[in-house]
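We name chains A, B, ... by the order of the sequence lines, and we start the count at 1 in each one.
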Amino acid sequence: MVTGAMPPTSAQPPSEGTCDAMTTTAVPSKIRVEKVSFAYSNAEALRAVSLDVYPHEVTVLFGPARSGKTTLLRLLNRLTDLLEGTRRSGHIYLDGQDIFAPDVDVAELRRRVGMVFAMPIPLPMSIRANLTYGLQLKGIRDRALLEARVESALRAAALWDEVKDRLEDPASSLSGGQQQRLCLARILALEPEVILLDNPTSGLDPISTSKVEASLHELRQRYTIIAVPHSVQQAARIADRAAFMLGGEIIEVGTAREIFTRPRDPRTRDYVEGRFG
Amino acid sequence: MSREMKQKLAFALLTAAAVVVVVPVLLVAGYIIWRGAGAISLEFLLSAPRHGLREGGIFPAAIGTVILTLGTAIVALPLGVGAAIYLSEYARDDLLTRLIRMAIINLAGIPSVVYGLFGLGLFVLFLRCGTSILAGSLTLGLLTLPVVISTAEEAIRAVPQSFRVVSVSLGGTKWQTIRHLVLPNALPGIITGVILGLERAAGETAPILFTVAAVYLPRLPRSIFDQTMALPYHLFVISTQVPGMPMTLQFGTALVLLAFVLSLNAAATIIRSHFRRRRSW
Ligand SMILES: Nc1ncnc2c1ncn2[C@@H]1O[C@H](COP(=O)(O)OP(=O)(O)OP(=O)(O)O)[C@@H](O)[C@H]1O
Ligand SMILES: [Mg+2]
């Protein structure tokens, strides 16, 4: 499902307000969000949102509470399908393929675009089983392969040294910070292409936070990352590219330097400088 | 009356209510043990009744009850759990669902003797199962369904929604999520519910009266199309139909039936507490 239906303008990022950021990027976008509007059964959440996400970058979605950041993440791997009574318009392309097309294998999409939730939710099973769960559902039985994935995922999430001797312990016995990294490792075990991180350091102490931030820089080399940070400061630290969201709209997108040093829109400027939100 | 007095009075009354509930249970159990314990012997447990039921043991009836309980489980477990999964995971809130729920509620309210007549009409006569273990198990299974469905549904709903979302976000389909995450975690609750239902089925007389029970059948059944004796019916017969019946045999039979039901209960409690200790949410 990689090639096929390329939208006509797929390699052509939106120009509005972000021209100079884009001229530096000749690569086609990994994910393209095109005029997406979305409403829950009782509330409008996104209004005509457009965004290009480039491979091997950390793209940050930031903005005040209820601005639609989580909703946009959930749309990217269609977790919004689980809710009833929602309305959606617009298109989202992954490698040029419309993810809402009827022939898309949604389970496969979710393995390619993995989500780490704001609250770490370990499944009620051992640490090892948490990591192999997704792989086994995919049909992988080969023990050696499973073992290898467990180890490499835990190493990539900077958790291996802490848990390698207690893989059979219940995952709930881990600390909050370890659980958060376990949830990241659980996604990495599936070898995704895109990782969605919703507030990956919520509730973490400063040391764990900097560990997670450091691992993002590593991960970027192999994956495309979209993250919702917990503060503007964190956004500025981890972003290659940033999108400022407000009231369900993307107000401004650009490289980290543009957004955090010379934003164009006064609302972005106010928010970045801490005047509201 | 001062607030403190009211407080004390309420406490005293509530304690009394709790004690009043417990006392009859202890009295019944104590009385049956006192009157029946003398009858219990290996011979009583392992031999068939003799001399117009006035002598001998209860072996065929005890085995019959075990078999009927197993048969009931085989009928009620897949049907009940299947219905519970459907209702909790798939059913939309529409007319069909409301009809199903209403049917289940009504099923729970039907008197057991009506189940017996229904079993006679449907299974014994219409479906030509004859008076048999099959017909009896189906009838008892139906009787048990409402309990199994409602406890299983509750256990399934108790598995947090967030786990389901995680499972789906890791590439699980809906069915995989149910099969590999929801059911394993709901299992202790489901088993408890099934056992509670079986307890009731094991002690029922009316539903087996017309569908399976034999007054006197000293040999063990050979197939599911055979009749069988069963403890509750045997107890009914020797208590009401046999003049000059020694009382200790009646109380001995009651004691064995009580012990069987209570041991099912104990099993349910052990399973529940075992899994509750292991459970991690
Ligand atoms: N499951 C849901 N059902 C109904 N409405 C929802 C749901 N989730 C979010 N919303 C609504 O959609 C809007 C956007 O919410 P969203 O969670 O996407 O914002 P957010 O930017 O992630 O906020 P936060 O920073 O607080 O996490 C809000 O008005 C919110 O109330
Ligand atoms: Mg959010």
Side-chain angles (χ1 to χ4, degrees), chain A residues 70 73-74 76-85 105-127 129-140 153 169-174 179 182-192 195-196 198, chain B residues 81 84-98 100-101 152-192 271-281:
Chain A
T70 301
L73 285 190
R74 284 171 178 265
L76 296 180
N77 71 356
R78 291 184 54 177
L79 279 177
T80 44
D81 289 9
L82 299 183
L83 300 171
E84 281 178 25
D105 176 351
V106 190
E108 179 61 21
L109 168 70
R110 291 178 184 141
R111 286 190 281 263
R112 292 176 65 194
V113 182
M115 172 87 143
V116 179
F117 297 92
M119 289 279 291
I121 305 166
L123 293 174
M125 44 185 84
S126 70
I127 295 171
N130 261 274
L131 287 159
T132 55
Y133 183 83
L135 292 167
Q136 283 170 333
L137 294 193
K138 192 182 168 188
I140 296 178
D169 287 5
S172 56
S173 68
L174 296 172
Q179 289 185 6
L182 178 80
C183 294
L184 175 60
R186 193 163 63 183
I187 288 297
L188 296 179
L190 290 168
E191 301 196 332
I195 304 174
L196 312 174
D198 195 350
Chain B
V81 174
I85 293 174
Y86 174 79
L87 286 173
S88 57
E89 302 285 323
Y90 289 98
R92 293 161 163 273
D93 186 22
D94 55 14
L95 191 67
L96 176 68
T97 309
R98 261 174 270 161
I100 295 175
R101 287 191 187 285
E153 194 184 343
E154 205 177 305
I156 289 170
R157 284 189 193 281
V159 177
Q161 191 60 29
S162 58
F163 291 167
R164 296 175 170 83
V165 177
V166 167
S167 171
V168 165
S169 79
L170 292 171
T173 61
K174 181 155 191 158
W175 171 245
Q176 284 180 320
T177 299
I178 293 171
R179 165 75 187 72
H180 296 283
L181 187 75
V182 175
L183 283 186
N185 284 290
L187 199 60
I190 294 174
I191 293 176
T192 309
I271 290 170
R272 213 170 25 214
S273 69
H274 173 75
F275 280 97
R276 189 169 291 159
R277 243 180 295 121
R278 261 192 33 189
R279 184 158 80 182
S280 46
W281 78 79

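- Under 4.0 Å is where a charged nitrogen must lie from a carboxylate oxygen, and between B/Arg157 and B/Glu154 no such pair does.
- With sequence neighbours left out, A/Glu191 forms a salt bridge (charged side-chain N to carboxylate O under 4.0 Å, His left out) with A/Arg149.
- Proximity to chain A among residues 84-95 of chain B is limited to B/Arg92, judged by heavy-atom separations below 4.5 angstrom.
- For A/Glu84, the part lying under 4.5 angstrom from a heavy atom of chain B is the side chain only.
- Using modelled atom types, one side-chain atom of B/Thr192 and one backbone atom of B/Pro188 make a donor-acceptor pair closer than 3.5 Å.
- Residues of residues 171-183 of chain B that come within less than 4.5 angstrom of chain A, heavy atom to heavy atom, are B/Gly171, B/Gly172, B/Gln176, B/Thr177, B/His180, B/Leu181 in numerical order.
- With a 4.5 angstrom heavy-atom cutoff, A/Leu82 touches chain B only via side-chain atoms.
- Heavy atoms of A/Arg186 lying under 4.5 Å from chain B belong to its backbone as well as its side chain.
- Contact between A/Val116 and A/Leu184 at its shortest, heavy atoms only, is CG2-CA, 3.8 Å.
- Heavy-atom distances place the backbone of A/Pro122, and not its side chain, under 4.5 Å from chain B.
- Remark: B/Arg101 engages B/Glu153 in a salt bridge (charged side-chain N to carboxylate O under 4.0 Å, His left out) (not counting sequence neighbours).
- Not one N or O on the side chain of A/Arg111 forms a donor-acceptor pair closer than 3.5 Å with the backbone of A/Gly134.
- Here A/Leu135 contributes atom CG and B/Leu170 contributes atom CG; the two are 9.0 Å apart, rounded to the nearest 0.5 Å.
- A donor-acceptor pair is defined here as one N or O able to donate and one able to accept, closer than 3.5 Å; such a pair exists between the side chain of A/Arg110 and the backbone of A/Arg78.
- Proximity of a side-chain donor or acceptor of A/Asn77 to a complementary backbone N or O of A/Val113 within less than 3.5 Å is detected.
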